[in-house]
Student: 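Quick one: the structure is below, questions incoming.
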Amino acid sequence: MGEVEMALDKAPSWQPLLAPEFDKPYMQQLKAFLQQRKAQQVTIYPHSSNWFHALEATPLDSVRVVILGQDPYHQPGQAHGLCFSVKPGIKVPPSLVNIYKELQADLGTTPVSHGYLESWANQGVLLLNAVLTVEDSSANAHQGKGWEQFTDRVIHLVNERCEHVVFMLWGSYAQKKAAFVDQSKHLVLKAPHPSPLSAHRGFLGCKHFSQANAWLENRGCAPVDWQLPEQVVKAL
């Protein structure tokens with residue numbers, strides 16, 4: 001069993017449904033590419049044990065919200081497999097600062113001093129990047145290598161097998177990637193990306209978090225507690 005398959009074994013609710021992807025030509029090419037880059041001593045983020053951490057932290061049957069990112073953070077110590085999230089002790093990235101600003105304006109939450117979003121993932125918020133690996137100091141280094149097809153399959157599974165999921169699609173990339181989502185059973189919320197380049201164009205003030213909770217509650221689903229704990233106790 002290869003490194004990629006072993007990483008997925010930690011996500012048992014997804015593994016049987018995604019395992020067939022590993023036999024497809026695109027995934028064989030992706031695995032060969034990753035092995036080649038490792039053999040060339042290239043530093044890849046996140047660690048292979050966290051490539052599928054979004055799926056490990058959020059089982060398929062618990063998905064209530066999907067937030068799509070594009071590419072993992074590419075500086076040391078940042079990425080751990082959840083989009084927009086960084087490990088404890090790492091400076092909160094600019095896009096996440098804007099997410100915290102919107103949360104505070106929308107729900108009155110208190111911004112925290114860390115950028116660790118694990119508590120959201122544990123409540124059913126699937127924090128999925130389109131591309132699951134990157135190289136040190138080289139943004140988008142693994143785009144177009146096959147991860148996009150794999151994460152398309154993840155989104156299709158949520159669309160097909162889950163009921164009443166809120167998709168928060170921030171920026172044109174996320175909106176195109178999830179354009180097929182069935183809006184007769186899921187809620188699709190769209191806004192500009194929260195990055196400093198675009199947040200002022202409509203992300204700030206979008207009220208996605210309150211809209212998501214109201215929609216979930218109207219369908220008999222529990223709302224998400226978006227208030228992150230200030231103290232992070234889980235060891236990484």
Side-chain angles (χ1 to χ4, degrees), residues 45-46 53-54 57-58 63-132 134 137-140 143 151 155 165-179 181 187-216 223-232:
Y45 301 130
H53 185 56
T58 310
V63 175
R64 287 186 282 165
V65 176
V66 175
I67 297 177
L68 292 180
Q70 190 165 346
D71 196 50
Y73 296 120
H74 57 266
Q75 294 300 314
Q78 290 183 309
H80 65 104
L82 304 182
C83 73
F84 293 106
S85 181
V86 291
K87 292 181 181 179
I90 299 295
K91 182 180 178 182
V92 179
S95 292
L96 188 52
V97 169
N98 284 329
I99 292 170
Y100 287 175
K101 286 180 182 176
E102 176 56 26
L103 270 169
Q104 185 174 25
D106 187 15
L107 294 176
T109 59
T110 303
V112 292
S113 60
H114 62 82
Y116 189 56
L117 306 182
E118 195 82 15
S119 74
W120 292 356
N122 292 338
Q123 293 182 71
V125 181
L126 181 63
L127 297 166
L128 182 70
N129 276 315
V131 177
L132 299 184
V134 73
S137 302
S138 183
N140 305 321
Q143 278 196 352
T151 54
I155 300 167
V165 174
V166 181
F167 288 80
M168 295 184 181
L169 307 180
W170 301 334
S172 59
Y173 184 92
Q175 289 161 19
K176 290 173 186 172
K177 186 171 179 67
V181 168
L187 176 64
V188 174
L189 300 175
K190 298 179 182 179
H193 196 276
S195 85
L197 297 174
S198 55
H200 63 282
R201 297 181 194 148
F203 175 79
L204 296 174
C206 70
K207 299 189 181 299
H208 279 188
F209 303 101
S210 59
Q211 289 183 64
N213 277 357
W215 190 85
L216 289 168
V224 175
D225 180 2
W226 294 103
Q227 176 64 63
L228 292 163
E230 177 57 50
Q231 297 297 320
V232 177

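Sequential numbering from 1 along the given sequence is applied to the chain's residues. All values below come from the heavy atoms of this structure, side chains included, with hydrogens, waters and symmetry mates left out. Worth saying up front: this structure is predicted, and the values here are computed from it rather than measured.
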Student: Counting distance only, does the side-chain N/O of S198 pair as donor-acceptor with the main-chain N or O of P192 below 3.5 Å?
Tutor: no
Student: Is the ring pair W226/F209 parallel, tilted or perpendicular, if the boundaries are 30 and 60 degrees?
Tutor: perpendicular
Student: For the backbone of G205 and the side chain of E102, can you confirm whether one donor and one acceptor N or O come within less than 3.5 Å of each other?
Tutor: yes
Student: Could you work out, with side-chain contact (heavy atoms from CB on, under 4.5 Å) as the rule, every residue matching Q227, not counting sequence neighbours?
Tutor: T109, T110, V112, D225
Student: State, yes or no, whether a side-chain contact exists between V65 and W120 at a heavy-atom distance under 4.5 Å.
Tutor: no
Student: Is there a side-chain contact between C83 and L68 in this structure, where contact means two heavy atoms from C-beta onward sitting under 4.5 Å apart?
Tutor: no
Student: Looking just at side-chain N and O atoms, do E118 and S85 make a donor-acceptor pair shorter than 3.5 Å?
Tutor: no
Student: Is a side-chain donor or acceptor of Q123 paired with a backbone partner of S119 at a separation under 3.5 angstrom?
Tutor: yes
Student: Is the backbone of C206 close enough, under 3.5 Å, to the side chain of Q211 for a donor and an acceptor to pair up by distance?
Tutor: yes
Student: Return each pair, listed once, that meets side-chain hydrogen bond (donor to acceptor under 3.5 Å, both in side chains) where at least one residue sits in residues 168-179; pairs must be two or more places apart or across chains.
Tutor: T151-K177, D152-K177, W170-H208
Student: May I have the step-by-step check of side chain to side chain contact (heavy atoms under 4.5 Å, CB included) for V134 and N129, ending in yes or no?
Tutor: CA-CA 11 Å; V134 73; N129 276 315; over 6 Å; no
Student: Given V86 and V92, is the side chain to side chain contact (heavy atoms under 4.5 Å, CB included) satisfied, shown in steps?
Tutor: CA-CA 7 Å; V86 291; V92 179; 5.7 Å; no
Student: When you compare the side chain of V166 with that of L216, does any pair of heavy atoms fall below 4.5 Å?
Tutor: yes
